[in-house]
Amino acid sequence: MHLSSYRFSKLCSAALLLLFGAILFTVAKQAAPPAVSDGEYLITQYADASGAQGTCYTIENENEFYIIDGGWAENEAALRGIIAAHGNHVNGWVISHPHRDHAGAFNAIYQAPGDIIIDAVYDNGFDYDFIESVGEPYDDITVMERYVALTANDPKVTHLKRGDVFSLGALSAKVLNAWDEYVLYTVGDEKDYQNNGSLLLLIENQNSSILFCSDIKYDMNDLLGEMALPEISCDYVQVGHHGNWSFSEDFYEKTGASVFLFDAPAEITESGNFPAKELKDGFVKKNGTVYDFSTAPNHLILD
C-alpha cells in the first residue's frame with residue numbers, strides 16, 4: 001500500500017470512530033427516562049424551546065399525565081409534541097402564576113387545543129384587577145390578560161388558596177403559598193406581587209416528595225420559612241425564581257433536600273452576573289445534586 005493510501009485509510013478509520021462516538025454520545029443524551037414501577041411517578045424537567053429561562057415539568061405514570069406551567073409561547077410546539085406522546089390527554093395542568101415564561105405555552109394551547117383534552121386547571125388565585133391597577137414590573141401583562149380571558153368562569157379551573165390540598169392522581173399536593181393578604185402585606189417596594197404570589201407546592205408520594213417554589217423570591221423568605229415548617233421537608237426542590245433573587249440557602253437547607261432543579265440555561269446558572277451561580281455553587285459545595293437546562297430533560301422518580 002502506498003503511504004498516501006495508508007494515511008487516507010487511517011483518516012477514514014479515525015473519522016468513522018469519531019462518527020460512531022458522536023452517535024453514541026447523542027444516544028446517551030437522548031436515553032429513555034427511567035422505568036416507573038407501580039405506585040411511582042416520573043417527574044421530568046424540560047428546557048424551554050425559546051432558549052431562555054422558563055418552567056415546564058410533567059408528572060406521569062402509565063395511566064396519568066400532569067403538567068406544571070409549560071414555558072414561553074415559543075415552547076408551544078415542543079409541548080404539543082410531549083402531550084401527543086401521552087395520548088393528547090392532560091389529567092391536570094397547574095399554572096403557578098401567569099407570567100410569560102410559565103403560562104405562555106398554556107395560553108397558546110388552551111385557546112386552540114385541537115385534539116388535546118385537558119381535564120382540570122389549577123392556578124394561584126391571583127387578583128387580576130389588583131395587578132392591573134398597581135402595574136406589573138417584571139412581565140408583559142398581556143399574558144395574564146389572555147389567561148384571564150381564556151379561563152374566566154371555566155368550570156375546569158380551580159383557584160387554589162393557601163392551605164388547600166388537592167390530588168394529582170395518588171399524589172398529594174399541599175398549597176403552602178398562593179395569592180392572598182400575606183403576599184400583599186409582605187412584598188416590598190419592588191411590588192413584585194405576581195412572582196411572590198405564585199404557588200409553593202409540596203407534592204408527596206408515599207416515600208418521597210418535591211417542593212415546587214415557582215417564582216417566589218426573597219421577599220417571602222422569612223414568612224414562609226416560619227409558616228411552612230416543617231412542611232417544606234422534602235427530597236427534591238425546584239428552586240424559586242430560576243435561582244435568581246430566590247430564597248436563602250438557609251431556607252433550602254431546612255428542606256433537607258439533596259437534589260435541586262434550576263429552570264434556566266447554563267448561561268444563567270454558570271454566569272457570575274446572576275445570583276443563581278452562587279446559589280448553585282453553594283448546593284454543590286454541600287454535596288447537593290444540581291440540574292439545569294444543560295442536562296435537560298432531567299428525570300426524578302417519586303416513590
Side-chain angles (χ1 to χ4, degrees), residues 44-60 65-86 88-126 128 131-132 135-152 154 156-157 159 179 192-195 197-199 212-216 238-244 261-269 274 276 292-294 296-298:
T44 304
Q45 177 200 40
Y46 299 89
D48 200 276
S50 69
Q53 67 180 33
T55 298
C56 181
Y57 287 82
T58 59
I59 302 175
E60 64 185 281
F65 179 67
Y66 304 93
I67 300 174
I68 294 181
D69 288 342
W72 294 79
E74 291 88 339
N75 206 43
E76 176 192 357
L79 189 52
R80 283 186 183 273
I82 294 167
I83 296 171
H86 291 83
N88 277 326
H89 183 198
V90 181
N91 296 93
W93 197 323
V94 180
I95 300 296
S96 66
H97 64 300
H99 271 172
R100 291 177 294 172
D101 53 338
H102 295 258
F106 170 86
N107 283 355
I109 291 172
Y110 208 67
Q111 70 182 358
D115 295 330
I116 296 173
I117 297 173
I118 301 169
D119 293 343
V121 178
Y122 305 89
D123 66 31
N124 66 325
F126 63 95
Y128 167 75
I131 291 293
E132 187 180 39
E136 172 52 84
Y138 296 108
D139 217 318
D140 182 353
I141 197 171
T142 59
V143 172
M144 181 174 66
E145 290 174 337
R146 188 61 185 155
Y147 178 83
V148 171
L150 287 168
T151 62
D154 188 333
K156 291 182 180 180
V157 180
H159 305 303
W179 178 274
D192 194 0
Y193 296 106
Q194 190 67 287
N195 279 330
S198 58
L199 293 172
F212 279 95
C213 299
S214 305
D215 265 8
I216 305 173
Q238 177 258 336
V239 177
H241 201 248
H242 314 275
N244 291 312
L261 300 112
F262 286 68
D263 299 331
E267 286 82 355
I268 289 177
T269 62
F274 295 95
D292 63 16
F293 289 175
S294 64
N298 297 307

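Predicted, not measured: the structure shown is a model, and the values here were computed from it. No hydrogens, no waters, no symmetry mates; every other heavy atom, side chains included, goes into these values.
For the side-chain contact (heavy atoms from CB on, under 4.5 Å) test with I268, the passing option among D263, N244, D292 is N244; the others fail.
Formation of a donor-acceptor pair under 3.5 Å by the N124 side chain with backbone atoms of G197 is found in this model. Distance alone, capped at 3.5 Å, is enough to place a donor-acceptor pair between the N91 side chain and the F65 backbone. Within the 3.5 Å criterion, the main-chain N or O of S50 finds no donor-acceptor partner in the side chain of N75. Checked by atom type and distance alone, the side chain of S198 never pairs as donor or acceptor with a backbone atom of S96 at under 3.5 Å. For the pair W93 (side chain) and D119 (backbone), a donor-acceptor distance under 3.5 Å is absent. No side-chain donor-acceptor contact under 3.5 Å links D123 to the backbone of V157. No donor-acceptor pair under 3.5 Å is formed between the side chain of T269 and the backbone N or O of A276.
Annotation: the span from Y138 atom OH to D101 atom CG amounts to 14.0 Å, rounded to 0.5 Å. Atoms OG1 and CH2, on T55 and W72 in that order, are 11.0 Å from each other to the nearest 0.5 Å. Here the OG1 atom belonging to T151 is positioned 12.5 Å from the CD atom belonging to Q111, to the nearest 0.5 angstrom. From I131, atom CD1 reaches atom CZ of F126 across 8.5 Å, with rounding to the nearest 0.5 Å. Rounding to the nearest 0.5 angstrom, the gap separating the CD1 atom in I67 from the CD1 atom in I95 is 8.5 Å. Within the model, atoms CD of Q53 and NE2 of H241 stand 6.5 Å from one another, a figure rounded to the nearest 0.5 Å.
A perpendicular orientation is assigned to the rings of H99 and H97, their planes being inclined by more than 60° (bins at 30° and 60°).
Here the shortest heavy-atom pairing between F293 and P265 reads CD1-N, 3.5 Å. Here the closest heavy-atom approach between residue Q45 and residue F262 is recorded as NE2-O, 3.1 Å. Taking all atoms of both residues into account, the shortest heavy-atom contact from G70 to D48 is O-OD2, 4.4 Å. Here the shortest heavy-atom pairing between Q238 and Y57 reads CG-OH, 3.3 Å. Summarising the geometry of N107 relative to L150, their closest heavy-atom pair is O-CD1, 3.5 Å, with the distance given to 0.1 Å. Smallest separation of non-hydrogen atoms from W179 and Q194: CZ3-N, 4.3 Å.
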- Task: Evaluate the criterion side chain to side chain contact (heavy atoms under 4.5 Å, CB included) for residue pair V94 and Y66; output intermediate values, then yes/no.
- Result: CA-CA 8 Å; V94 180; Y66 304 93; over 6 Å; no
- Would I83 and I109 satisfy side chain to side chain contact (heavy atoms under 4.5 Å, CB included), going step by step from the backbone distance to the final call? CA-CA 10 Å; I83 296 171; I109 291 172; 4.1 Å; yes
- Test side chain to side chain contact (heavy atoms under 4.5 Å, CB included) applied to E60 and H86, step by step: CA-CA 9 Å; E60 64 185 281; H86 291 83; 2.8 Å; yes
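Between H242 and H102, the gap from one ring centroid to the other is short of 6.0 Å.
Counting only heavy atoms from C-beta outward, the side chains of I118 and P113 never approach each other to under 4.5 Å. Residues L199 and F212 fail the side-chain proximity criterion, which asks for heavy atoms closer than 4.5 Å. Looking at heavy atoms from C-beta onward, K156 lies in side-chain contact with Y110 at the 4.5 angstrom threshold. Between Y128 and E145, the closest side-chain pair of non-hydrogen atoms falls below 4.5 Å.
Within 6.0 Å of CG on D154 lie more than 12 heavy atoms contributed by other residues, nucleotides or ligands.
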